[in-house]
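Below you'll find the structure, written out as structure tokens, and then a few comments.
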Amino acid sequence: MRLLESPDQIAPLPPVGPGLIDAIQRSGLAGRGGAGFPTAVKWRAVAQRSRGDAVIVVNGAEGEPQSKKDRVLMGARPHLVLDGAFIAARVLRARRIVLYIGERHTAARDSMLRALAQRTEPERGLVSVAAAPPRYVAGAEAAAVHLINDGVATPTNVPPYPFERGVDGAPTLVQNVETLAHVAVLARTGAIPGTMLLTLAGGVSRAGVVEVETGTTVADAVARAGGPSDLPRGVLVGGYFGRWMKVEDALPLRLTPEAGIGCGVIGILPTSRCPVCETAAIMRYLAGESSAQCGPCFFGLRALADACTRIASQGSNAADLARLQRWSAEVRGRGACKHPDGAVIFLSSALTVFAGDFEHHQSHDVRRTA
Amino acid sequence: MSTEHHLVVDRIKCDGRGLCAELLPELIRLDDWGYPILRPGPVPEHLLPLVQRAVEDCPVLAIALRRSERRE
Ligand code: SF4
């Protein structure tokens, strides 16, 4: 059974117990929200602490600007996602489920609410809904918990981790919607679907969401989206928290949980776009998405974005290139959450893959008027 | 078993006053925006009293000393 191309139906939930966690472990399922954390480890951490008071947060925040797959899944298979949530609630002995859905993802939310209205009362009674603000960090686990508890979607210091003290102070599982759908298929059929949802973005003929077999190459995934629309210049694997790759390295890459593909965004940069300007724009976005709680993240990402922008708009210079290297190393690991780390990993990949472009970049305005 | 001490900074509380780096230049330097960068690794035994002082003197109480047991 695949995730997207099967009919979405209500059927009685299969009998599940703690044995499901072993089955999840054997399946090797890893979180599909971006971090790729082993699902069984997360479930076990909550199971060990739950006294019938655990909370399940169904994470459909999808704050990554290029990603669409969670929205598409909630729109097409809301019952499958709900199944995953109810199964989690049984296995982890939860008394509350929160659907945490991006506030701009209205079609997805409506689809989930319609499906919920079709479920039976004892199930429905467990569920409440919270709107995730359209911010990059809102999808982070600690931010989700913070929003549900206090109405503020900023990350908090960890520990305590959500599995220790999350929503209402209870052990909490925060799980991406696609991951929950995989669990639902596993519980129903005895096997995970063996597929993954990807969002193809940028220079492809048909940008959008595709479901591919695990192990498919990036080249085949791009072909599923109609192929490149223009000669590709680089590939951004994993979205804004991912990494740039050279086309020749990216195309043969096999898409597996171990491949580090984050939330499953594959962005193709066409030759008509400038990698330096593109990187600078994404860095400005990520700097603006700092929740401004931690100095190194707030000031550091802003300074990095400014240096990138100077190179992009005025041309390359040695001082800014050196600053980018030094600040990237210094900022890493110095936020309460992983936001700065994601941003500098992304930037470092740009500085490596497009090293020549960063070194020799000239202002496009100058070139045009020269 | 031996005891190790590690400095930790609460990145949300810290607002870059910089007092810690003045007291403990051996372990802490400041980045270009005035926020502390810690030297990696455990705190050397002989610096513990100074570290204690830095922990107590931080105006926003953003630094702490964590003890951990280490198996050898
Ligand atoms: S590291 Fe950045 S995004 Fe994360 S909590 Fe601190 S300021 Fe907010």
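Residue numbering restarts at 1 for every chain, and letters A, B, ... go by the order of the sequence lines.
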Restricting to salt bridge (charged side-chain N to carboxylate O under 4.0 Å, His left out), what partner residues turn up for Glu4(B), sequence neighbours left out?
Arg70(B)

Give a yes or no on this: more than 12 heavy atoms of other residues, nucleotides or ligands lie within 6.0 Å of atom CZ of Phe241(A).
yes

List the atom of Cys294(A), the atom of Ile12(B), and the distance in Å for their closest heavy-atom pair.
SG-CG1, 3.8 Å

Check every N and O of chain B against chain A and note each donor-acceptor pair under 3.5 Å, with its distance.
| residue | atom | partner | partner atom | Å |
| --- | --- | --- | --- | --- |
| Asp10(B) | OD1 | Asn157(A) | ND2 | 2.9 |
| Asp10(B) | OD2 | Asn157(A) | ND2 | 3.0 |
| Arg29(B) | NH1 | Glu330(A) | OE2 | 3.4 |
| Asp31(B) | OD2 | Arg334(A) | NH1 | 3.3 |
| Asp31(B) | OD2 | Arg334(A) | NH2 | 2.9 |
| Asp32(B) | OD1 | Arg326(A) | NH1 | 3.3 |
| Asp32(B) | OD2 | Arg326(A) | NH1 | 3.4 |
| Asp32(B) | OD2 | Arg326(A) | NH2 | 3.0 |
| Asp32(B) | OD2 | Trp327(A) | NE1 | 2.9 |
| Tyr35(B) | O | Arg334(A) | NH2 | 3.3 |
| Pro36(B) | O | Arg334(A) | NE | 3.2 |
| Pro36(B) | O | Arg334(A) | NH2 | 2.9 |

Show me the donor-acceptor pairs, under 3.5 Å and distance only, between side chains in residues 44-65 of chain B and residues at least two apart or in other chains.
| residue | atom | partner | partner atom | Å |
| --- | --- | --- | --- | --- |
| Arg53(B) | NE | Asp57(B) | OD2 | 3.3 |

Counting heavy-atom pairs under 4.5 angstrom with chain A, the leader among Pro36(B), Gly16(B), Gly34(B), Cys14(B) is Pro36(B)

